[in-house]
Number of protein chains: 2
Amino acid sequence: MSIRHGLLALLEHGPRYGARLRSELESRTGATWSLNVGQVYTTLNRLERDGLVVQDGEDSSGHALYRITEEGRSELDSWFRSPVDRSNPPRDELAIKLAMAVNAPGVDVRDVIQLQRHHTLRAMQDYTRLKAGTPEPPPDRPEEMAWVLVLEQLIFQTEAEVRWLDHCEARLVRMAAAAGTRQAEAGTRQDPADDGTPRGRSRRASRSR
Amino acid sequence: MSIRHGLLALLEHGPRYGARLRSELESRTGATWSLNVGQVYTTLNRLERDGLVVQDGEDSSGHALYRITEEGRSELDSWFRSPVDRSNPPRDELAIKLAMAVNAPGVDVRDVIQLQRHHTLRAMQDYTRLKAGTPEPPPDRPEEMAWVLVLEQLIFQTEAEVRWLDHCEARLVRMAAAAGTRQAEAGTRQDPADDGTPRGRSRRASRSR
DNA sequence: CCGAGTATGTATACCAGGTATGTTCGTGTC
DNA sequence: GACACGAACATACCTGGTATACATACTCGG
């Protein structure tokens, strides 16, 4: 739904043709979210199908212009007036990966964390470098302003990811220590039924139930 | 790609049937990312098509069991051994919305920010409350462990979003002040050509170029 | 001036994720 | 025995993401 509304928002500044929408949207998000060309046209078609937009005449150069309709305007308005739903957030691949790595046979979660941490930090550096090369936001340049905000969003999110990874590692270390002492204390069960956590490289072809 | 690999990872613990995969995946992510039933089956079909999985016999109750293949195992392995790419992150609807709100006619960015801030904070409270109700992670319960990590990821991300929103507002206030003084100083241009930023609720039907 | 290469603008096909809905089948209840 | 219900499975449809085809225009070297 983000592209749909993004295009609508751009069209409220006046009629545009496809390629221009693409470039305007990109100039607002920097190169970070390069929008594939085709998506603009398919999305425009869907918008037209839903009556939020109409194809309306041509450019001086013959480009087909799209114009926002009243219905589109009200749709856009209600988009701005309602928050993005954070109560069921999009799936995050990294979170799923860690959740799986916790007890995957032959996988050490801490390796996964370290690997990712390194990669994410690198991305972070790229972003901060990018930001350092960007002048302080110009008050009358909405496009550049927008792109700075987007960039900062990426920085905030990325930093949070690093902190989360560190947190995970600390927690796992703490847990491993606890499990270690417990095992040393009482020599408890090693391989409970099927879904125990095989530490190390056991990789059995378990097959049960 | 996250569901694909998530299912593969579960199958490495042994053959499973569709519905069981669904429930196991959900128990690792809590109710936060409830996986639609149909997606499991379509994904399994694709996995089978790609040779990462085979349908292999039946349950005692007649459920069709899927088993991971060697190819699937190596695919999974390379997933765990390579980081999630953060150099071109997924589009974030909120970031796009703010980027658009910056100069959308008839929209005050700060309203959008405040609205979202409120909503995001509420989500944050839900998460922390959920976490408070969860006992400290049990060392030998990988599923619960995984779900705690996922929950904490959500908390970290959500918190970062709130901080970003605050940062945006501060920046916009600062910017508005700067623009204000500049205007007071020199009485500069109010509506540059087409893409100026109409402050307040002007909502003109702009149509230009 | 012409033709090759490149940029711009448009269109289409395909894949994956997300959601809703439909179907079958067994079980339990009145 | 009819019915309701839940579990397991299947399908249709929409959106987002990516690659690619294709036409036109522009440019640059011969």
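Numbers restart at 1 for each chain; the letters A, B, ... are given by sequence-line order, proteins then strands. These figures come from a predicted structure and were not determined experimentally.
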Using whole Å, what does the distance between atom [atom2] of nucleotide [N] and atom [atom1] of [X] come to?
| X | N | atom1 | atom2 | answer |
| --- | --- | --- | --- | --- |
| A:Trp33 | D:dG16 | CH2 | C1' | 14 Å |
| A:Leu21 | C:dT8 | CG | P | 16 Å |
| B:Leu25 | C:dG18 | CG | P | 11 Å |
| A:Asn36 | D:dA19 | CG | P | 7 Å |
| B:Arg22 | C:dA20 | CZ | P | 12 Å |
| A:Glu24 | C:dG9 | CD | P | 12 Å |
| A:Asn45 | D:dC14 | CG | P | 14 Å |
| A:Glu26 | C:dG9 | CD | P | 13 Å |

Looking for any heavy atom pair under 4.0 Å, which part of the strands does [X] touch: base, sugar-phosphate only, or nothing?
| X | answer |
| --- | --- |
| B:Gly38 | base |
| A:Arg46 | base |
| A:Ser2 | sugar-phosphate |
| A:Val37 | base |
| A:Arg91 | sugar-phosphate |

(request) With the side chain counted from C-beta on, respond yes when B:Asp50 and B:Glu75 share a heavy-atom pair under 4.5 Å apart, and no when they do not. (result) no
(message) Can you confirm whether B:Phe80 sits close enough to A:Asp108 that some side-chain heavy atom of one is under 4.5 Å from a side-chain heavy atom of the other?
(response) no
(message) Does atom CZ (A:Arg163) have a neighbourhood of more than 12 heavy atoms from anything else shown, all under 6.0 Å?
(response) yes
(request) Report the residues that fulfil side-chain contact (heavy atoms from CB on, under 4.5 Å) with B:Arg122, sequence neighbours left out, ordered by chain and then residue number. (result) B:His118
(request) Taking only the side-chain heavy atoms of A:Arg4 (C-beta and beyond), determine which of D:dG17, C:dT10, D:dT15 contains the nearest atom. (result) D:dT15
(request) Report the nucleotide, chosen from D:dT18, D:dA8, C:dG9, that has the shortest atom-to-atom distance to any side-chain atom of A:Tyr41. (result) C:dG9
(request) Take B:Thr42 and A:Gln39, find for each the nucleotide of DNA chain C with the closest heavy atom, and name the residue whose nucleotide sits nearer the 5' end. (result) A:Gln39
(message) Looking only at side-chain N and O atoms, does A:Trp79 offer a donor or acceptor that is under 3.5 Å from a partner on B:Glu93?
(response)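 Indeed, the side chains of B:Glu93 and A:Trp79 share at least one donor-acceptor pair under 3.5 Å.
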(message) If you assign each of B:Asn88 and A:Arg49 to its closest nucleotide in DNA chain D, which residue comes earlier from the 5' end?
(response) A:Arg49
(request) Look at the side-chain N and O atoms of A:Tyr17 and state whether any lies under 4.0 Å from the OP1 or OP2 oxygen of C:dG9. (result) yes
